[in-house]
**Q** 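I'd like to ask some things about the structure below.
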Amino acid sequence: MSDQANSESAKPTIPLPDTAHYRRETRLVHSGSLRSQFGETSEAIFLTQGFVYDSAEQCEARFTGDDAGFQYSRFSNPTVFSFEQRMAEFEGAEAARATATGMAAVTAAILAPLRAGDHVVASKAMFGSCRYIVEDLCPRYGIESTLVDGLDLDQWQAAMRPNTKTCFLESPTNPTLDVLDIAAIAEIAHAGGARLVVDNVFATPIWQSPLKLGADVVVYSATKHIDGQGRCLGGVVLSSTAFIEEHVQMYLRQTGPSLSPFNAWVLLKGLETLSIRVEKQTSNAAAIADALAGHAKVPRLVYPGRADHPQAATVKKQMGAGSTLVGFEVTGGKAGAFRVLNALKLVKISNNLGDAKSLVTHPATTTHQRLKPEARAELGISDGFIRLSVGLEHKDDLIEDLLAALQKA
Ligand SMILES: *Cc1c(COP(=O)(O)O)cnc(C)c1O
């Protein structure tokens, strides 16, 4: 372990391994490890609420920040800190803060820096709970919001107001897998004096780095690919040290959506295998997309890795590869989609994604049920639309299961 400082500030810091110069896969395995005096190979789980001090003086110094270390696990914890450091180094962010769920991360990134009188612009096509934060929750506290068609740069431009402080988007979008031009939207946000927050869950940190494209804040639901094996909820906010210290740190510390040290440990282990899992899930998804494209029962198929994706040029510009998700519409509307879901034997029906197990969702009756039918139609979520999260099974078993089920559409 080197005694490399983990921030630029003059404050004392906890010593971390010097891994920043390694390639990305190496950093996923080693960054942020805090090895105890026992020299354990795997990261320890510090399942503790609090910490004891050698003296009253040390305790005082811990509270003033003159002594590096931990005070209480709602504020910070060694295992959670390890996870944050590994995420920050991998994403190329100055700082990261972990949260209990992805929604706690999204809520902190959006609400923490805003106050009554501010304005938010967001892309309409987003995860249902994110839309609730922007569309329903923010206005209750005097923060107005405007929803735009995220693909239309003119709409982003037109929605900007002098009091617009935050622009928010996810890309690819849930569930229709539209790909928004992050660099262009960052430029519009910055020209209007606003920050851009990107929910990067669908792209994963493997295939897309929003901070490098000009975004100011990135959020993840670690529940998805970062765990990747269906066990724990978690989230993370990544940004500059200034944004985290000024806006996020105190908000999380005092409101308390803290990540459990146990979950942080599971997520740390998840990061070790993230790149091989996401690469395999993506190649499986690409094979499935090719097998379903042009099928008589599939009038529409959306996969960001295919040349026929409507934003193929943007995909090429900002993503390393397609996606672990495939979207497709089947014939027969809701009844047709339900028949297909019920006929699947290997692929499970679940509203989750990013798992080792392939999972299928009918967005119109689950994740996007809350929206009015017109709002769903506007987003391209037809009654026959199915979202498939591709897992780690053999691609041919998945294709055989899907093709057999499609006979029922
Ligand atoms: C799942 C998800 C979230 C919320 O994450 P939780 O961990 O379930 O709170 C937010 N955004 C996107 C795009 C998601 O897929």
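Keep in mind that the numbers below use all heavy atoms, side chains included, and drop hydrogens, waters and symmetry copies. In listed order, ligands and their atoms are each counted from 1. Here, residue 1 is the first one in the sequence, and each next residue gets the next number.
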**Q** Other residues, nucleotides and ligands only: do more than 12 of their heavy atoms fall within 6.0 Å of CD on Glu272?
**A**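 Result for CD/Glu272: enclosed.
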**Q** Looking only at side-chain N and O atoms, does Gln281 offer a donor or acceptor that is under 3.5 Å from a partner on Thr324?
**A**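 No pair is found: no donor N or O on one side chain lies under 3.5 Å from an acceptor on the other.
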**Q** Looking at ligand 1, does any of its N/O atoms fall within less than 3.5 Å of an N/O of Thr223?
**A**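 Yes.
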**Q** Can Arg253 be said to sit on top of Phe75's aromatic six-ring, NZ or CZ under 6.0 Å from centre and within 45° of the ring axis?
**A**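 Judged by the rule (NZ or CZ under 6.0 Å from the ring centre, within 45° of its axis), Arg253 counts as positioned above Phe75.
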**Q** Within a distance under 4.0 Å of any heavy atom of Glu170, pick out the atoms of ligand 1 and give their elements.
**A**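 Close to Glu170: 13 (C).
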**Q** Checking Glu43 against Ser33: is there a side-chain donor and acceptor pair closer than 3.5 Å?
**A** yes
**Q** What part of Lys224 sits under 4.0 Å from ligand 1 if we count only heavy atoms: the side chain, the backbone, both or neither?
**A**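 Looking at Lys224 and ligand 1, just side chain atoms fall under 4.0 Å.
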**Q** Look only at interatomic distance and state if Leu233 has a nitrogen or oxygen under 3.5 Å from any nitrogen or oxygen of ligand 1.
**A** no
**Q** For atom 8 (O) of ligand 1, find the nearest protein heavy atom and state the residue, atom name and distance (0.1 Å precision).
**A** Ser221 OG, 4.2 Å
**Q** With a 3.5 Å cut-off and no angle check, do the side chains of Glu40 and Ser36 form a donor-acceptor pair?
**A**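 Present: a donor and an acceptor within the cut-off.
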**Q** Students should be able to answer this: which protein heavy-atom is nearest to atom 4 (C) of ligand 1, and at what distance?
**A** Phe127 CE2, 3.5 Å
**Q** Does ligand 1 have any atom sitting under 4.0 Å from a heavy atom of Asp199?
**A** yes
**Q** To check you understand the geometry: which heavy-atom pair defines the closest contact between Ala186 and Gly214, and what is its length?
**A**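 That would be CB-O, 3.5 Å.
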**Q** At a 4.0 Å threshold, what atoms of ligand 1 neighbour a non-hydrogen atom of Gly102?
**A** 5 (O), 6 (P), 7 (O), 9 (O)
**Q** Tell me whether the NZ or CZ atom of Arg24 lies within the 45° cone about the ring axis of Phe90 and under 6.0 Å from its centre.
**A** yes
**Q** For ligand 1, which is the ligand I care about here, please tell me if Met103 has any N or O atom under 3.5 Å from one of the ligand's N or O atoms.
**A** yes
